[in-house]
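Below you'll find the structure, written out as structure tokens, and then a few comments.
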Amino acid sequence: MAGGAREVLTLQLGHFAGFVGAHWWNQQDAALGRATDAKESPGELCPDVLYRTGRTLHGQDTYTPRLILMDLKGSLSSLKEEGGLYRDKQLDAAIAWQGKLTTHKEELCPKNPYLQDFLSAEVRASALNFLTRGPPQGQGVLSSDGVWRVKSIPNGKGSPPLTTATTPKPLIPTEASIRVWSDFLRVHLHPRSICMIQKYNHDGEAGRLEAFGQGESVLKEPKYQEELEDRLHFYVEECDYLQGFQILCDLHDGFSGVGAKAAELLQDEYSGRGIITWGLLPGPYHRGEAQRNIYRLLNTAFGLMHLTTHSSLVCPLSLGGSLGLRPEPPVNFPYLHYDATLPFHCSAILATALDTVTVPFRLCSSPVSMVHLADMLSFCGKKVVTAGATIPFPLAPGQSLPDSLMQFGGATPWTPLSACGEPSGTRCFAQSVVLRGIDRACHTSQLTPGTPPPSSLHTCTTGEEVLAQYLQQQQPRVMSSSHLLLTPCRVAPPYPHLFSSCSPQGMVLDGSPKGAVESIPVFGALCSSSSLHQTLEALARDLTKLDLRRWASFMDAGVEHDDVAELLQELQSLAQCYQGGDSLVD
């Protein structure tokens, strides 16, 4: 819409959602840092969709995520609940009590070594900039140790970032040093972003938020419901053209219930806005953990159905092979080496896919609103979609986009990321596809005159035409929306080292990589697929086999036997939506 960004408010609910969100915001922050780089394409993505401008009590401009996150007590490590930018005026209210005061001081958690090194590097860079270029003019952000770091605000809202005379060595966190998501979050948050659920513990076996009913009850309590509503009103009221909400929600634990109640609240209060929910599950699980696996199944099923009721679109995201009880090996990427047991690795891959498939409603020019995206993908009751991505997109030096696409043959070009099995042999009803990070010179074939074109793709005159024709050939009767961007996906530290045989720009190499990978091309898709028929039916079958008397603790958390029976009917009805028909277009 002309005259302003179509703002989106993000909700992160749960600890694994925090991991995915930390990588997501780090990637957005890295993209902001390149906004004024002459080598980059002019802004294709509008950061104001996700970010808000503000001002500290000291008069410094800030640029922070439009974000509300909820997690459990003990999950923040050294991160302060109020953030480090500026203190909320409500937190600075004078104490009226005139009597004797007793102070109880809790020991501070030691800061992650990576963050200590990162802040030290910021201090050194700030000092060098001050000595070589004078004090910063314009806006900045405050590091956790009280040092201001100058940062540009895109779209002409501030001066470009100051740079150091030498390029510092990238700071890389070790997997062993990452315990919680805040250990590698580089982005400063607004004081109203973090909402802690103090009645449940992140660590230990006692006091865990394990069941769907427990999560639902959290947002039924006036304390937490009012706190969430206040934060929603704070962010929403400052938006000019709010297009909707995206929810990153854990499905495997009690946060599935928190997400269901949050989506219900959003639907009731902000009718007509888009609500796109990403249901997140960590990597594969083990057969030996019976209670955890049963709870995971129940939470996933209840969360999926309730979120579908109150969302415009729901997409499960996982590197596991199954949503049900049968363990499946994690998905495989040809050019990635990752440890599926590490949330730090799994969340990085999912965040990269998320950063790509959300492109349509974040574009500067001709964006597709969240509502329109959901309408295109969720027809005839099909509000659940699957995601897939090729990370990185395999383009070798000297290759063109048509060359690379032809290498896939007739196979589906992306790896499935929704734990719904392989997409081969399934039917697609509608899809939204994004390809990003391919240099314009590689968009079309540069054949020597007189050389016969290897395929019809090699005769296309634009990259957009190449992509559209490829999708038409792959799925000839499917409604497809496609976007081609020059902007790559940022994977600089603290993104983990997962890439093999890739150049710093993500080009696929024959030999060993030369230098750390900084950015990559990514091919991502959201699909309404018949694979969901088998997946949802399998969930229902697994539920029917359960003896609920053995899992009384789950039922005692607020779920009735009638609720399970109703859930089974809803799962089976939703599964039938994905059974008939070949595509939207006959």
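For His23 and Phe344, the ring centers are positioned less than 6.0 Å apart. Two rings, from His306 and Phe212, have their centers less than 6.0 Å apart.
A salt bridge is defined here as a Lys NZ or Arg NE, NH1 or NH2 lying under 4.0 Å from an Asp or Glu carboxylate O, and Asp355 with Arg362 meets this definition. Salt-bridge formation is detected for the pair Lys199/Glu221: a Lys NZ or Arg NE/NH1/NH2 atom is positioned less than 4.0 Å from an Asp or Glu carboxylate oxygen.
The shortest distance between side-chain heavy atoms of Val368 and Arg6 does not fall below 4.5 Å. Contact annotation: the side chain of Ser378 never approaches that of Val385 to less than 4.5 Å [non-hydrogen atoms, C-beta and beyond]. Ile294 is listed as a side-chain neighbour of Leu325, based on a closest heavy-atom distance under 4.5 Å. In this structure, Glu264 and Asp268 have side chains that are in contact, with non-hydrogen atoms separated by less than 4.5 Å. Side-chain atoms of Ile178 and Pro494, non-hydrogen and from C-beta on, never get closer than 4.5 Å to each other.
Formation of a donor-acceptor pair under 3.5 Å by the Ser530 side chain with backbone atoms of Arg427 is found in this model. Between the side chain of Lys383 and the backbone N or O of Thr308 there is at least one donor-acceptor pair closer than 3.5 Å. Side chain of Ser318 to main chain of Gly320: a donor-acceptor pair is present (N/O by atom type, distance under 3.5 Å, no hydrogens or angles). In this structure, the side chain of Ser217 engages the main chain of Gln214 through a donor-acceptor pair within 3.5 Å. Looking at Arg273, its side chain does come within 3.5 Å of a backbone N or O of Leu242 through a donor-acceptor pair. A donor-acceptor pair is defined here as one N or O able to donate and one able to accept, closer than 3.5 Å; no such pair exists between the side chain of Asp29 and the backbone of Val187.
One side chain, His233 or Glu269, offers a donor N or O that lies under 3.5 Å from an acceptor on the other. Gln243 and Ser369 are not linked by any side-chain donor-acceptor pair at a separation below 3.5 angstrom, with hydrogens and angles left out of the test. Thr62 and Thr64 are not linked by any side-chain donor-acceptor pair at a separation below 3.5 angstrom, with hydrogens and angles left out of the test. Between Trp25 and Gln12, the side chains place a donor N or O and an acceptor N or O closer than 3.5 Å (distance only, hydrogens not considered). For Asp48 and Tyr63, the side-chain atoms include at least one donor-acceptor pair closer than 3.5 Å. If you check the side chains of Asp71 and His15, you find a donor sitting under 3.5 Å from an acceptor. In summary, the side chains of Ser480 and Gln475 do not present any donor paired with an acceptor at a separation below 3.5 Å, with no hydrogens or angles considered. Counted by atom type alone, Tyr578 and Thr426 present zero donor-acceptor pairs between their side chains at under 3.5 Å.
Across all non-hydrogen atoms, the minimal contact from Leu363 to His483 is CD1-CD2, 3.5 Å. For the pair Asn299 and Phe554, the tightest heavy-atom approach, listed with the atom from each and the gap, is OD1-CE1, 3.2 Å. When all heavy atoms are compared, the tightest approach of Phe19 to Trp181 is N-CB, 3.5 Å.
Remark: Arg192 qualifies as a cation-pi partner of Phe234 under the 6.0 Å distance and 45° angle criteria applied to the six-membered ring. No cation-pi contact links Lys73 to Tyr200, judged by a cut-off of 6.0 Å to the six-membered ring centre and 45° from its axis.
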### Message
The test is side-chain contact (heavy atoms from CB on, under 4.5 Å); show your working for Met555 and His561 and say whether it passes.
### Response
CA-CA 8 Å; Met555 308 300 289; His561 283 268; 4.1 Å; yes
### Query
Can Phe302 and Leu567 be said to form a side-chain contact (heavy atoms from CB on, under 4.5 Å), step by step?
CA-CA 7 Å; Phe302 272 102; Leu567 171 67; 3.6 Å; yes
### Task
Before giving the answer on side chain to side chain donor-acceptor pair (under 3.5 Å), spell out for Ser311 and Thr277 the whole-Å C-alpha distance, their side-chain angles and the decisive distance to 0.1 Å.
CA-CA 7 Å; Ser311 302; Thr277 299; 2.8 Å; yes
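Listed by chain and residue number, nothing satisfies the salt bridge (charged side-chain N to carboxylate O under 4.0 Å, His left out) test with Asp253 (two or more places apart in sequence, or in another chain).
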